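This report concerns only the one structure given below.
Letters go in sequence order (proteins before strands), and every chain restarts at 1. Remember, predicted model here, so these are calculated numbers, not experimental data.
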Amino acid sequence: MLALLLILIPVATGLATFFLKQGNAAKLFSLLSSLATLGISIGAAICTDKSAKSFQAPFLTNLGSSFSLSLDGMGTILVLLTGISLVLVFISTYKNTYKDPSRYYALMLLSQAGLMGVFLATDGLLFYFFWELALIPVYFLCSGWGGERRIAVTFKFFIYTFIGSLLMLVGLIYLYVLNPGQSFSLTSLYAMKLSPDQQSVLFWLFFVAFAIKMPIWPLHTWQPDTYEQSPTSVTMILSGVMVKMGLLGVIRWVLPIFPYAVHEYGHVVIGLSVVGMIYASLVAMKQDDLKRMIAYSSIAHIGLMCAAVFSVSELGLQGVLVQLFNHGVNIIGLWIVVDAIEQKLGTRKMSELGGLAITAPSLAILLVIMSLANVALPLTNAFIGEFLMFNGLYQFSAWYMAVAGLSIILGAVYTLRMVQKVIYGDTNSLTKTMTDLSLNQKLILAGITVLIILYGVNPQPLFKMTMDTVHTVAQHI
Amino acid sequence: MNVLILSIFWGIVMMFSGIALKKKGIATGLAIAGVLILLLGNLGDMSTVVITTSTFNDMLAFRGYNVLFISIVLVATLMYFLVSGREIENVGTGGFDYYALIFFVLTGIVIASSFNNLLMLFLGIEIISIPLYILTGSDKKNLKSNEASLKYFLMGSFSTGIMLLGIAFIYGDSGSLAIVPAPSPFGFSFTSLPTLSAVGALLLMFSLAFKVSAAPFHFWTPDVYDGAPTVFTSFMATIVKAGTFIAFFRMFAGGFASVQGSWGLAMQVIIFLTLLIGNLTAVFQQSAKRMMSYSSIAQAGFMLLAIYAHNDMAKEGFLVYTAAYVLATIGVFALLSRVADPGFQGFNGLAKKEPLLAATTTICLLSLAGIPLTGGFLGKYYMLVATAKAGGPFWLVIFAVICAAISIYYYFRLIIAMYFKEGNPEMAPVSRGLKFWLVVLCVLILALGIFPYEVLLNNLLSL
């Protein structure tokens with residue numbers, strides 16, 4: 001029942017928000033809705049009753065599908081992330097004004113519903129449904145509220161991901177046809193015995209869809225443009241939560257079903273990921289636009305996560321699962337700071353900024369904390385995840401690990417360079433006018449700081465939460 | 001049988017009531033009443049409450065599948081009248097004559113969906129076609145409309161000739177006009193036909209491909225759809241297309257299914273070309289109306305997959321696909337016929353001016369593009385599964401999927417124009433009734449995507 005509520009609340013409130021006439025009412029209403037969803041997701045994380053965490057209803061039964069939702073460890077941690085993200089986004093942008101607010105907030109809530117569905121679905125066809133449905137509201141958000149080049153850029157994003165998901169659909173259809181049980185349910189798919197040839201074809205059909213979403217080099221070209229052109233609030237959702245759809249896809253729908261192909265093509269995928277990490281880190285160093293820099297840094301981080309997944313070691317996987325959550329929280333923190341700067345100064349160019357430490361001290365402090373978490377300094381939450389992932393990668397091959405390790409150094413270079421350019425140095429005529437963060441932003445960033453340090457020092461609860469997913473995958477691989 | 005008789009009857013009623021009744025709006029009301037009566041008759045067909053049980057010596061068959069199909073056509077016609085009744089009246093004087101022609105087309109569709117005999121197939125297709133030639137040219141003072149009508153007539157007659165030749169070959173070879181190939185005198189069953197029959201079957205296939213505008217026989221479509229008054233384009237692209245498709249389906253997925261060896265390869269080529277040409281050409285169109293005509297070609301490519309696969313999945317899927325396609329296209333054309341400039345730029349900023357109309361059109365476009373939760377997705381899904389299950393070539397499935405991805409491009413251009421571009425589109429006023437019926441249309445499309453069994457297919461199982 002809890003699982004159903006997680007989807008139902010955002011859908012119902014989202015649809016209702018379309019009809020709210022007043023902008024402020026829509027804002028408040030959607031904030032309340034997101035708080036309720038967060039409450040439920042925390043409840044689901046604490047709850048130990050298995051039956052409350054899953055839900056089943058008939059849906060397209062003759063097509064071998066069913067409306068089945070279930071929360072495993074990975075699902076729980078991602079549901080938590082989704083729940084928290086929307087609250088963070090809504091509160092931190094509470095003072096921003098968006099045109100056509102009721103539509104904006106309605107679409108935000110609907111995208112949350114889609115994401116929840118992706119994380120909860122344990123039926124192939126249902127998963128595909130939500131996979132597509134999460135995309136539609138985000139597409140409208142980016143195109144409707146984004147920057148100057150938004151239409152072309154989001155269109156590219158949409159077509160890219162749509163092609164990927166259609167390939168996945170073909171994969172699902174072939175899985176269904178090959179499945180003697182004629183069913184899409186996850187358990188029946190896990191039980192399938194596929195020949196190596198079948199696995200190879202199906203693996204790539206699925207993986208391309210997920211690789212586009214993550215994104216993995218060389219399928220990443222939509223990502224920096226989209227992050228740059230989307231309104232920052234949507235970028236938070238995109239980079240914090242949506243990219244996790246791809247990783248979840250690989251962990252839940254690829255590893256256990258195509259173990260042979262994973263071993264066979266692991267080298268290729270890890271190779272691509274590592275190349276992408278280095279490439280993205282190098283490009284990030286050259287960026288002047290804050291959003292683009294963070295976008296490329298995100299490609300590097302996701303690349304590491306993907307590589308660690310395909311290293312098929314328990315340690316690496318454990319690291320990825322923890323990092324799913326931590327990366328999401330950290331990057332949202334960074335975006336909040338960027339949004340604050342952009343809303344006040346109207347620019348995101350590092351070359352035009354400087355000296356913010358003088359005019360906006362608390363912004364400077366919080367930016368430094370977020371940046372340190374971004375480079376995975378020990379005692380921040382990202383450290384433990386990255387450490388485990390590198391560990392897993394090392395078990396796979398020391399060479400890959402060595403090359404990927406370069407991205408740590410490069411990451412520190414571009415992040416610290418960004419910090420230096422934005423907050424240190426002298427103020428110029430523009431940054432003189434800067435005022436400090438508003439109360440709601442301070443509050444949210446302080447909350448994120450608490451999470452960063454809490455899970456940096458004591459990551460045990462996250463490990464415990466995701467243990468069962470690691471075991472399930474380890475059984476099948 | 002009920003619908004066949006009633007549609008002829010009502011066509012005649014419409015024709016003559018034009019003499020007595022002059023008031024505006026009556027024609028549409030009468031036509032809607034007519035469709036409702038036909039629907040009742042259809043219900044009767046389903047539950048064996050029939051006017052007569054005659055089937056012309058088994059030349060027609062009214063059984064579960066085609067009766068359900070006819071009800072889809074009738075519901076679509078009802079929606080079409082509700083949504084574009086006013087436009088039909090505005091084309092000519094009063095509209096009675098056009099409504100009469102539309103009812104005669106329905107007669108043709110009933111025959112084409114229930115024939116058991118090649119002569120009946122010919123009759124059905126002809127009864128569908130001839131009123132269409134007139135409807136295409138109904139904008140009498142418009143040169144383009146006249147040109148379209150003449151072009152359609154000439155090319156249509158040519159393809160009819162080819163169909164007749166095909167039937168003659170089959171008859172000459174087997175001595176039978178039944179849609180099931182004649183059994184072998186030696187008792188074993190064929191997987192392919194003897195040469196003369198095979199040639200006949202191919203000719204039949206080509207002329208039917210012409211009627212459903214499948215490539216490479218599609219060249220008339222954009223010109224005719226563009227030239228005809230937009231309301232009648234809507235009619236041709238939806239209900240008529242469905243009506244000719246069921247004939248195609250019945251012929252090749254029913255009667256000639258056992259001899260796929262003779263026509264399977266040709267069908268693969270036609271599907272490939274239809275998907276390719278329809279989708280690629282639609283990308284380059286600057287007018288939404290022309291885009292929709294190429295889109296109708298592209299969608300035909302998907303529907304042909306059902307004929308190629310012709311298994312249970314394909315049979316169910318064909319119904320879902322047709323229903324979703326017809327409803328969604330009617331919804332899009334409802335907007336098209338009210339906007340002054342059919343180019344994409346003519347839709348700029350429409351979402352600000354008519355938010356509800358933009359929303360319904362978006363749902364229809366999403367359905368055509370095959371986004372989940374809409375009937376269009378489920379239709380496409382069915383087609384792909386059916387082809388995969390029938391052991392169809394893997395490349396064809398992948399190719400169809402790539403084409404579906406391409407189609408996003410041109411459908412979304414309209415959405416982008418409506419929502420994200422600034423402008424003040426010039427358009428005819430939109431009545432409240434229209435808005436209501438468009439919402440109903442969208443609810444139907446969504447219901448078809450979420451509860452296909454409850455809405456449609458369970459009726460098939462219970463028959």
Side-chain angles (χ1 to χ4, degrees), chain A residues 11 18 58-65 67 99-100 102-103 114 117 125-136 139-146 150-152 154-156 158-178 182 184 198 201 205 209, chain B residues 312-313 316-317 320 351-352 355-356 359 362-363 366 369-374 377-378 380-392 394-409 411-413 415-421 449-454 457-458 460-461:
Chain A
V11 168
F18 271 118
F59 170 68
L60 299 180
T61 318
N62 299 41
L63 296 179
S65 176
F67 193 92
K99 60 163 190 176
D100 217 346
S102 48
R103 242 180 51 216
L125 198 59
L126 192 68
F127 174 72
Y128 178 79
F129 264 57
F130 282 119
W131 180 272
E132 291 273 307
L133 290 181
L135 183 62
I136 303 281
Y139 167 76
F140 277 95
L141 280 168
C142 298
S143 303
W145 285 266
R150 62 183 195 278
I151 295 179
T154 39
F155 200 34
K156 178 174 164 191
F158 189 80
I159 295 228
Y160 236 114
T161 38
F162 193 70
I163 290 177
S165 52
L166 279 176
L167 292 178
M168 175 167 81
L169 180 65
V170 175
L172 274 172
I173 288 175
Y174 268 91
L175 261 184
Y176 169 72
V177 172
L178 293 173
Q182 301 281 296
F184 281 108
Q198 290 165 340
V201 175
L205 286 173
Chain B
D312 284 348
M313 232 17 186
E316 284 184 11
V320 176
K352 278 230 175 68
L356 188 77
T362 303
I363 291 180
L366 290 179
I371 304 288
L373 285 194
T374 63
F377 165 76
L378 215 60
K380 283 206 165 72
Y381 174 79
Y382 261 115
M383 296 299 128
L384 296 174
V385 176
T387 315
K389 267 198 169 173
F394 187 64
W395 64 266
L396 198 59
V397 177
I398 294 275
F399 182 73
V401 153
I402 291 170
C403 286
I406 296 174
S407 76
I408 286 285
Y409 177 81
Y411 291 128
F412 269 63
R413 260 176 91 179
I415 297 180
I416 288 174
M418 289 192 298
Y419 277 95
F420 308 130
K421 299 232 165 117
I450 306 171
F451 312 110
Y453 285 90
E454 287 77 357
L457 294 173
N458 277 346
L460 179 65
L461 304 178

Practice problem: Supply the atom-to-atom distance A/Leu205 CG to A/Leu166 CG, rounded to the nearest 0.5 angstrom. | Solution: 11.5 Å
Side chain, backbone, both or neither: which part of [X] has a heavy atom under 4.5 Å from chain A?
X        : result
B/Ile402 : neither
B/Ala359 : neither
B/Phe420 : both
B/Ile415 : side chain
B/Tyr409 : both
B/Thr362 : side chain

Residue [X] versus chain B: region with a heavy atom under 4.5 Å:
X        : answer
A/Leu133 : side chain
A/Leu135 : neither
A/Leu172 : neither
A/Phe130 : neither

Test your reading of the model: is there a side-chain donor-acceptor pair from [X] to the backbone of [Y], 3.5 Å cut-off?
X        : Y        : answer
A/Arg150 : A/Ser143 : yes
A/Ser165 : A/Phe162 : yes
A/Thr161 : A/Phe158 : yes

Quiz item: If you tally heavy-atom pairs under 4.5 Å against chain A, which of B/Lys380, B/Lys421, B/Lys389, B/Glu454 wins?
Solution: B/Lys389
Quiz prompt | Largest heavy-atom contact set with chain A, pairs under 4.5 Å, which of B/Ile416, B/Leu378, B/Val397, B/Leu366 | solution = B/Ile416
Quiz prompt | Close aromatic pair by centroid cut-off 6.0 Å: B/Phe394 and A/Tyr174 | solution =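 Ring-ring flag for B/Phe394/A/Tyr174: true, centres closer than 6.0 Å.
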Quiz item: How about A/Phe59 and B/Tyr453: are their ring centroids closer than 6.0 Å?
Solution: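 They do not qualify: ring centres at least 6.0 Å apart.
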Quiz item: Would you say B/Phe451 has more than 12 foreign heavy atoms packed within less than 6.0 Å of its CZ?
Solution: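 Count not over threshold, so no.
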Exercise. For the pair A/Phe155 and A/Tyr139, name the ring-plane relationship: parallel under 30°, tilted 30 to 60°, perpendicular over 60°.
Key: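 Rings of A/Phe155 and A/Tyr139: tilted, as their planes differ by 30° to 60°.
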